[in-house]
Amino acid sequence: MNEKEILYTLALTRINYFNLAGIRQLYEAAGSATAIVENLNNIRDIVPDVAPKMLEGLRDINIVMPRAEAELRYCQQYDIQILALNDPHYPSRLRECDDAPILLFYKGTADLNQQRVINMVGTRHCTAYGQDLVQRFMEELKQLSPQVLIISGLAYGIDICAHRNALRQGYETVGVLAHGLDDLYPSRHRETANQMVCQGGLLTEHFTNTNADKINFVRRNRIVAGMSDACIVVESAAKGGSLITARLSRDYNRDTFAFPGSVGAPYSEGCNHLIRDNQAGLITSAEDFVKAMGWQDDATLITAQQQGIERQLFPQLNETETRIVAALQKQNDQQINLLSVRTDLPISKLTSTLFELEMKGVVKTLAGGIYHLLN
């Protein structure tokens, strides 16, 4: 993406910060930020029903250009990637969400479009029970599914526990921040954040000099939820940010799970209520989670491929497999969340069936979690 397009995208995010759906509609209709800026005088020809308030903001775009230029210089100086919505490195799962930001700032090494991405969230006041759950989950998951990107919010409690245990297990882990990349909140987590930049990354939608205000933490949760295949809640009070992330995950058609806790324990109420109200699946281990998701051991597939399992010339397909193949015949190379919508299959069922199709030599996995139908 050229520098002019990046600059114009930065400017667009400044003129209509709170109307995410509106600015995204305009961006997608025009095809690029450059097209919007270069057609300001006839923007209604592109989007006839553009809101008057947004139109007014577009006319003042020159006012925000110096701020956009300063941000671009900062990112260039500190090796920060600017990922616009149409950038291939932008999180593809998040792109499917209507309220996804049209621009993200990213400093790190991890591919944000890995085949398997989960988030683990919970209370900032986690107990020894919660810490133990996170530790055991990461240890078990590493044995069952070695290649998973772990997402959380770098906050106190379960978030930082998830990041640190992911690092110990050799997982890449990304923290989604509620402020710009010129700062870190809480500052006590800076050492862990520095490790994550080399083994994962830090991600935000916010410009530099943005305070970690309460509303930004709420906005941050939609990115955590949207860029993941599944949400796992570990300890939550009856009210809390992790419950917002769980709700957003359900809204985005992501799988949602919770660890149960003792009845009456204040930081288990949220999880217990999620399970009671059928808003999250109950898990007690990584094995429960992997089975629920239909994720087979990555090593099983690798071993099978090393043993030379050949593609069946005329494989027998069941009804679900046939539905997936039909969707890929209409449009090949699809990400799993898009396939879920087009086949009307839950992610967990789709994942296990795609594994079977891969074993039969019908499909193969490409970079970024894209599924390709073999001829």
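Side-chain atoms are counted along with the backbone in the values below, which use heavy atoms only and exclude waters and symmetry mates.
Using a 4.5 Å heavy-atom cutoff, the side chains of F259 and V233 are not in contact. Looking at M65 and L7, their side chains come closer than 4.5 Å, going by heavy atoms from C-beta outward. No side-chain heavy atom of Y106 sits under 4.5 Å from any side-chain heavy atom of H89. In this structure, the side chains of E269 and N272 stay at 4.5 Å or more apart for every pair of heavy atoms. With a 4.5 Å cut-off on side-chain heavy atoms, E71 and I82 do not count as touching. The side-chain heavy atoms of Y185 and D183, taken from C-beta on, include no pair separated by under 4.5 Å. A heavy-atom distance below 4.5 Å is not found between the side chains of I158 and S242. When side chains are defined from C-beta on, V117 does not count as touching V174, because their heavy atoms never get closer than 4.5 Å.
Judged by distance alone, the side chains of D99 and Y252 do bring a donor and an acceptor atom under 3.5 Å apart. In the model, Q81 has no side-chain atom that pairs as donor or acceptor with a side-chain atom of Y90 under 3.5 Å. Using modelled atom types, one finds a donor on one side chain and an acceptor on the other under 3.5 Å when comparing E5 with T34. In this model, no donor atom of one side chain and acceptor atom of the other lie less than 3.5 Å apart for D277 and Q279. Side chain to side chain, E191 and Q195 fail the donor-acceptor criterion of an N or O pair below 3.5 Å. There is no side-chain donor-acceptor pair under 3.5 Å between T256 and S249. Between the side chains of R323 and T343, not a single donor N or O lies within less than 3.5 Å of an accepting N or O. Counted by atom type alone, N119 and S228 present one or more donor-acceptor pairs between their side chains at under 3.5 Å.
Proximity of a side-chain donor or acceptor of Q199 to a complementary backbone N or O of L167 within less than 3.5 Å is detected. For the pair T351 (side chain) and I347 (backbone), a donor-acceptor distance under 3.5 Å is present. Using a distance-only test at 3.5 Å, with no hydrogens or angles considered, a donor-acceptor pair links the side chain of T245 to the main chain of G241. Using modelled atom types, no side-chain atom of D159 and backbone atom of S152 make a donor-acceptor pair closer than 3.5 Å. The closest donor-acceptor contact from the side chain of R220 to the backbone of V176 lies under 3.5 Å. Not one N or O on the side chain of R14 forms a donor-acceptor pair closer than 3.5 Å with the backbone of A11. At least one donor-acceptor pair under 3.5 Å links the side chain of N165 to the backbone N or O of C161. With hydrogens and angles ignored, the 3.5 Å screen pairs a side-chain donor or acceptor of N216 with a backbone N or O of N211. Side-chain atoms of T13 come within 3.5 Å of backbone N or O of L10 as a donor-acceptor pair. Formation of a donor-acceptor pair under 3.5 Å by the Y171 side chain with backbone atoms of L141 is found in this model.
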Working for side-chain contact (heavy atoms from CB on, under 4.5 Å), residues R342 and Q331: CA-CA 10 Å; R342 292 179 173 173; Q331 181 182 331; 2.8 Å; yes
Between Q115 and S145, is a side-chain contact (heavy atoms from CB on, under 4.5 Å) present by the stated rule, with each step listed? CA-CA 11 Å; Q115 183 179 358; S145 192; over 6 Å; no
Can H372 and N332 be said to form a side-chain contact (heavy atoms from CB on, under 4.5 Å), step by step? CA-CA 6 Å; H372 174 78; N332 207 353; 3.3 Å; yes
Given T320 and T353, is the side-chain hydrogen bond (donor to acceptor under 3.5 Å, both in side chains) satisfied, shown in steps? CA-CA 7 Å; T320 303; T353 307; 5.3 Å; no
Does the side-chain contact (heavy atoms from CB on, under 4.5 Å) test come out yes or no for L104 and L112, once each step is laid out? CA-CA 12 Å; L104 293 167; L112 302 178; 5.7 Å; no
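One hydrophobic cluster holds both I6 and V64 under the rule that ILVMFWY side chains link at heavy-atom gaps under 4.5 Å. L328 and L317 fall within a single hydrophobic cluster, where Ile, Leu, Val, Met, Phe, Trp and Tyr are joined by side-chain heavy atoms under 4.5 Å apart, directly or via other members.
Contact record, T109 with C198: OG1-O, 3.4 Å, taken as the closest heavy-atom pair. In terms of heavy atoms, L274 sits closest to A246 at CD1-CB, 4.2 Å. Across all non-hydrogen atoms, the minimal contact from L350 to S340 is CD2-N, 3.4 Å. Contact detail for H189 and L154: the closest heavy-atom pair is ND1-O, 2.9 Å.
Residues forming a side chain to side chain donor-acceptor pair (under 3.5 Å) with D132 (at least two apart in sequence, or on another chain): R136.
Once rounded to the nearest 0.5 Å, the distance linking CD of E28 with CZ of R95 reads 9.5 Å. For the atom pair CG of L149 and CZ of R116, the computed distance is 13.0 Å after rounding to the nearest 0.5 Å. Once rounded to the nearest 0.5 Å, the distance linking CD of E235 with OG1 of T123 reads 7.0 Å.
Using a cutoff of 4.0 Å between basic side-chain nitrogens and carboxylate oxygens, E321 and K360 are scored as salt-bridged. Taking a cutoff of 4.0 Å between a charged side-chain nitrogen and a carboxylate oxygen, D229 and R93 qualify as a salt bridge.
For residues 28-82, the pairs satisfying ring-ring contact (aromatic ring centres under 6.0 Å, His included) are Y74-Y78, with sequence neighbours left out.
Across T173, I118, V290, a single residue satisfies side chain to side chain contact (heavy atoms under 4.5 Å, CB included) together with V148, and that is I118.
Around atom NZ of K142, more than 12 heavy atoms belonging to other residues, nucleotides or ligands sit under 6.0 Å away. Other residues, nucleotides and ligands contribute only 12 or fewer heavy atoms inside 6.0 Å of the CG atom of D344. Counted within 6.0 Å of CG on N42, heavy atoms from surrounding residues, nucleotides or ligands total more than 12; the atom is thus considered enclosed. Within 6.0 Å of NZ in K349 there are 12 or fewer heavy atoms belonging to other residues, nucleotides or ligands.
Judged by a 6.0 Å distance limit and a 45° cone about the ring axis, R67 is not positioned over the six-membered ring of F207. Cation-pi check for R124 over F217 is met; the charged atom lies under 6.0 angstrom from the ring centroid and within 45 degrees of its normal.
Residues W295 and F289 bring their aromatic ring centres within 6.0 Å.
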